[in-house]
Number of protein chains: 2
Amino acid sequence: MSAEEAVPATAAPGRVERKRGRRIQEIVTTAADLFGARGYDAVSLEDVADRLDVTKGSLYYYFSSKDELVTAAIETLGNEWTARLEALPAAHEGPVADRLRALVREHIGIAVREYPAALRLFLVPQEWPAAQQARIKALRRRHDQFFRTLVEEGVASGAFTVTTVDTTLQCMHAAMSQTPGWCAHLTGRAQDRAVEEFTDTLMMLVGVAPTSASS
Amino acid sequence: MSAEEAVPATAAPGRVERKRGRRIQEIVTTAADLFGARGYDAVSLEDVADRLDVTKGSLYYYFSSKDELVTAAIETLGNEWTARLEALPAAHEGPVADRLRALVREHIGIAVREYPAALRLFLVPQEWPAAQQARIKALRRRHDQFFRTLVEEGVASGAFTVTTVDTTLQCMHAAMSQTPGWCAHLTGRAQDRAVEEFTDTLMMLVGVAPTSASS
DNA sequence: CCAAACTTTGACCCGTTGGTCAATACCTGA
DNA sequence: TCAGGTATTGACCAACGGGTCAAAGTTTGG
């Protein structure tokens, strides 16, 4: 079981690291879950540790502070989310209005169904160290990029009518980030309908009436 | 312990009460300021007391808990705000689109200029006693009423095109409640311009293009 | 000017929470 | 099987924050 390890020299350079990496991911994922659901203040490190069946002290073996853990959690959450949006086929083909609509719908859908209130994480505490703030801001920028691209394209092609791209995007994100709260009491079909409604409403922000959806 | 139930000549029936009332207002106003600026968790009772040049203990002479103080603060803030919106002349005459526009602009203006981030107060902690929650919900309902009335009127008269009144209102409020954050770094003219921009953008939610603004 | 009512103080209680650390358990490769 | 790194524990600390309370200070009406 071990003799045939034909990789003796510099044996397993990454084995240990990889294991450590996985553990970190585990922790970060769990943390993201909790922080996403209840917010920064409301979740203590013991809550996180408990969920992992571990002691608080262990967390400090991997992270040097709560802020760092939270930042990592936000990063994980954000990257995963962004990746999923970027991987959405419907957001890459067809009329720009339809692409944006698909993107918005997916975004809201993920927020509502998988990360209740997660976006509140993007509200970085002012008192955090600059480094942390920068990391999260960069994340946000990347996350917004896809939306911005589409909106700009729509404007350029005359399909959208927006006052200012920035303003429009901010309003969109504000509304999207709170949809989970509004949908909290809904389930199944009703929730789906709500997602549709919000999507349609948000499309009006770029000047696309909901009925014209057909494409 | 008190035989003087025979209040003489109803002398000053309210003198003492009124003084107490004023003190309470003072406290509540200060609290509203702080909580509005930094949020529930980030403000301790000592912060409030400090600002009033008083000891934490004193606050408990007027309020039985932090929750109660905060609730009172929210109520004060909310009522004042609502009253100012309702007193806005421009929101009572002219085409419905112009009225709504004036209302939105004023709302955002107040938020940005006077109550930075105050609206975050409306996010009531779930773990609060039902009574408190009810008070704030009622407040919110009254606050929304004016907006709802106008939107409904616009829809009825065919001036607006909205998917759902509820959804539209929620998106509007979400965006409005976060505008202060976006405008935090702006001052003077730039801030005014931002308020205009957001107003125009939000008008698109009801299907009114910004250029038709004239008024 | 006094006594009763009203205010405020400041010391104190207690649970929570972020953070530290020496000691111990666990692996793993040789 | 044993050494060495890796992971985890659990006890502990200090600061903070909400809340209590008896005692002392201040107003006020008579």
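Here is how names work: the chains are called A, B, and so on, in the same order as the sequence lines, proteins then strands, and each is numbered from 1.
With no hydrogens or angles considered, a side-chain donor-acceptor pair links A/Glu197 and B/Thr167 at under 3.5 Å.
Close to D/dA7, at under 4.0 Å from its OP1 or OP2, lies no side-chain N or O of A/Arg23. For D/dA7, neither phosphate oxygen OP1 nor OP2 lies less than 4.0 angstrom from any side-chain nitrogen or oxygen of A/Ser58. In terms of phosphate contacts, B/Tyr60 brings a side-chain nitrogen or oxygen within less than 4.0 Å of OP1 or OP2 of D/dG19. Contact between the side-chain N/O atoms of A/Lys19 and the OP1/OP2 oxygens of C/dC27 is not found at any separation under 4.0 Å. OP1 or OP2 of D/dT8 sits under 4.0 Å from a side-chain N or O of A/Tyr62.
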Pair A/His173, A/His107 - check side chain to side chain donor-acceptor pair (under 3.5 Å), show working. CA-CA 10 Å; A/His173 271 104; A/His107 187 283; 4.6 Å; no

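Between the CG atom of A/Leu59 and the P atom of C/dT17 there is a distance of 14 Å, rounded to whole Å.
For the side-chain contact (heavy atoms from CB on, under 4.5 Å) test with B/Val151, the passing option among B/Asp144, B/Val165, B/Asp166 is B/Val165; the others fail.
Listed by residue number, the members of residues 43-57 of chain A with any heavy atom below 4.0 angstrom from DNA chain D are A/Val54, A/Thr55, A/Gly57.
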Kindly list each side-chain donor-acceptor pair under 3.5 angstrom involving residues 46-62 of chain B, sequence neighbours excluded, with atom names and distances?
from	atom 1	to	atom 2	distance (Å)
B/Asp47	OD2	B/Ser44	N	3.0
B/Asp47	OD2	B/Ser44	OG	3.4
B/Ser58	OG	B/Thr55	O	3.4

Compile the donor-acceptor pairs under 3.5 Å between side chains in residues 25-36 of chain B and protein atoms, sequence neighbours left out, one pair per line.
from	atom 1	to	atom 2	distance (Å)
B/Thr29	OG1	B/Gln25	O	2.7
B/Thr30	OG1	B/Glu26	O	2.9

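Using a 4.5 Å heavy-atom threshold, the side chains of B/Thr82 and B/Phe146 count as separate.
Mapping A/Ser64 and A/Ala42 onto DNA chain C by nearest heavy atom places A/Ala42 at the nucleotide closer to the 5' end.
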